[in-house]
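Please read all numbers here as calculations on a predicted model, not as lab measurements.
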Protein chains: 2
Amino acid sequence: MTTSSYAILALLDLRPWTGYELTHQAQRSLRYAWPKSERLLYSEPKKLVTLGYATTHQEATGNRSSNVYEITDSGRRALTEWTGSRTRPPRFEIEALLRLLFADHGSIDDLRRTLDELEADIGEQHDAIAELMASYLDDGHPFPQRTHLSVLFATFQIEMFTSIERWIDFARTEIDQWPATEDLGMTERTAALIGLLADGESAVSISPTTPS
Amino acid sequence: MTTSSYAILALLDLRPWTGYELTHQAQRSLRYAWPKSERLLYSEPKKLVTLGYATTHQEATGNRSSNVYEITDSGRRALTEWTGSRTRPPRFEIEALLRLLFADHGSIDDLRRTLDELEADIGEQHDAIAELMASYLDDGHPFPQRTHLSVLFATFQIEMFTSIERWIDFARTEIDQWPATEDLGMTERTAALIGLLADGESAVSISPTTPS
DNA sequence: AACATATACTGCACTATGCAGTAAAGTCAA
DNA sequence: TTGACTTTACTGCATAGTGCAGTATATGTT
């Protein structure tokens with residue numbers, strides 16, 4: 001049982017779903033905490049069935065059928081055991097930052113483009129969450145009694161996205177001061193930033209440039 | 001060629017490394033932007049050799065040998081092509097948030113423990129970056145002319161970690177108001193939070209509880 | 001001399017992704 | 001009403017990536 005299996009099992013604990021519903025629900029609602037491919041999401045409930053944590057049966061819509069999955073008591077017990085296990089550390093995959101680290105291979109404009117692309121991707125996710133929250137106000141939550149959990153979860157996303165957007169602006173004003181991407185090294189400005197960071201403090205909110 | 005291959009290729013562009021050095025360097029310095037397993041990191045340079053992007057030769061230390069990898073001109077060209085490609089969207093895997101979403105399966109104390117574990121993991125990474133920055137002040141950067149890049153990268157990490165730590169405190173004060181994890185639903189407080197989030201605004205800095 | 005730790009990897013089973021392919025049902029417009 | 005497009009509803013396959021165990025030498029420490 002992987003974390004992905006427990007994620008699907010937790011969805012099954014809410015109600016029975018077809019494989020199709022399950023994958024799409026998981027992509028809509030779990031994407032920001034646990035992003036997994038459609039392909040995997042289709043495979044997981046099958047595995048749960050072989051483990052006895054779920055049952056499956058076919059349901060027909062005209063000439064076509066879909067697989068409906070339902071959690072078993074054994075599955076509910078497995079979920080409870082998961083609750084007791086150690087939470088895995090978070091994992092952040094950010095190609096934009098990898099490109100930043102090696103930005104001296106390209107031009108300042110290449111780096112600016114990378115920041116633009118990161119901003120666009122984050123903006124998309126930011127908008128999606130904001131719209132989801134607006135839909136909760138208008139139409140309510142699909143599982144009304146779980147609204148408080150979705151909303152506390154959403155405060156994390158929004159906090160995350162706004163702080164990344166703040167950083168992107170900060171990074172842009174920083175690189176605007178750079179004559180090139182390479183061989184800058186330990187400038188006065190960089191030394192000043194290190195001073196803050198070494199104390200674990202955020203540098204994003206400080207004044208753009210210290211007068212030299 | 002995957003992003004991981006380009007990450008290794010970018011390291012090889014700095015200087016030749018042994019497979020061992022490469023994996024350990026990648027885990028130390030790239031971990032926060034591109035976390036990959038030791039196993040993969042050992043395999044990547046081999047792939048680069050078969051593609052003609054790197055060459056390899058054995059070097060001996062006593063009776064034991066290590067594989068030294070060096071970038072080729074073709075490899076440098078590949079790196080340049082990578083610079084022109086679209087940056088992949090970021091990806092955040094946070095099991096703690098998955099557990100939060102399904103917290104109604106367990107107790108409030110289970111949820112509190114999850115937050116504690118997240119705090120511990122983030123704190124570890126936060127400290128590691130702060131220490132790295134302190135070492136730059138004391139001993140300098142291993143590639144001095146690239147200090148500005150590492151430091152701008154570090155401003156992102158610290159910003160991220162401090163904002164997550166702020167959110168954890170916020171989440172703790174929120175759940176302190178909950179009588180249980182389940183069936184709370186759309187409370188006054190939750191509705192107030194949604195109002196903010198639907199506008200894309202951060203809720204973390206607002207006052208703990210609106211008087212009711 | 002014994003032991004731990006760092007160096008320096010490889011094999012293997014399993015997890016996960018991306019893409020292509022298949023096919024039926026619904027929906028809207030010329 | 002027919003054709004085009006989207007949504008529903010998946011599966012197969014090659015490749016990417018992880019985790020763990022295993023192997024073996026070198027170096028420093030008690």
Which whole-number value in Å describes the distance from A/H24 NE2 to D/dT7 P? 10 Å
Less than 4.0 angstrom between a side-chain N/O of B/S4 and OP1 or OP2 of D/dG17, yes or no? yes
Short side-chain N/O contact to D/dT18 OP1/OP2 from A/R91, under 4.0 Å: yes
Flag if over 12 foreign heavy atoms under 6.0 Å of CZ, B/R88: no
Nearest of C/dC9, D/dT25, C/dT17 to any side-chain atom of A/K36? C/dT17
I'd like to know if B/R39 reaches the base of D/dT18 with its side chain such that a donor and an acceptor end up less than 3.5 angstrom apart. no
Measure from CG on B/N63 to C1' on C/dA8 and round the result to the nearest Å. 13 Å
Quick one: is B/Y20 getting a side-chain N or O under 4.0 Å of the C/dC9 phosphate, OP1 or OP2? no
When all nucleic acid strands are considered with a 4.0 Å heavy-atom cut-off, which category describes A/S43: base, sugar-phosphate, or nothing? nothing
Carboxylate-amine/guanidinium proximity below 4.0 Å for A/R15 and A/E21: yes
Can you find a side chain N or O atom of A/N67 that sits less than 4.0 Å from OP1 or OP2 on D/dC10? yes
A/L41 CG to D/dA9 C1', straight-line distance once rounded to whole Å: 14 Å
May I ask you to say what A/P35 touches in the nucleic acid, namely base, sugar-phosphate or nothing, with a heavy-atom cut-off under 4.0 Å? sugar-phosphate
Measure from CD on A/E93 to P on D/dA16 and round the result to the nearest Å. 15 Å
Min side-chain heavy-atom separation B/L48-B/M1 under 4.5 Å: yes
Among the nucleotides D/dA9, C/dC9, C/dT17, whichever has the atom closest to the side chain of B/T18 is C/dC9
Using whole Å, report how far CD of B/E44 lies from P of C/dT10. 13 Å
Does B/T2 have a side-chain nitrogen or oxygen under 4.0 Å from the phosphate oxygens OP1 or OP2 of D/dT15? no
In whole Å, what is the span from the CH2 atom of B/W34 to the C1' atom of D/dA16? 11 Å
To the nearest Å, give me how far apart CD (A/E59) and P (C/dA24) are. 20 Å
Please determine if B/D116 and B/R172 form a salt bridge, counting it only when a charged side-chain N lies under 4.0 Å from a carboxylate O. yes
Pairwise side-chain contact, A/D73 with A/R77, heavy-atom cut-off 4.5 Å (strictly under): yes
State whether B/K46 places a side-chain N or O below 4.0 Å from either non-bridging phosphate oxygen (OP1 or OP2) of C/dT10. yes
Just the rounded figure in Å: distance from C1' of C/dA20 to CD of A/E38. 12 Å
Can you identify which nucleotide, out of C/dC9, C/dA25, D/dA26, has its nearest atom closest to the B/S66 side chain? C/dC9
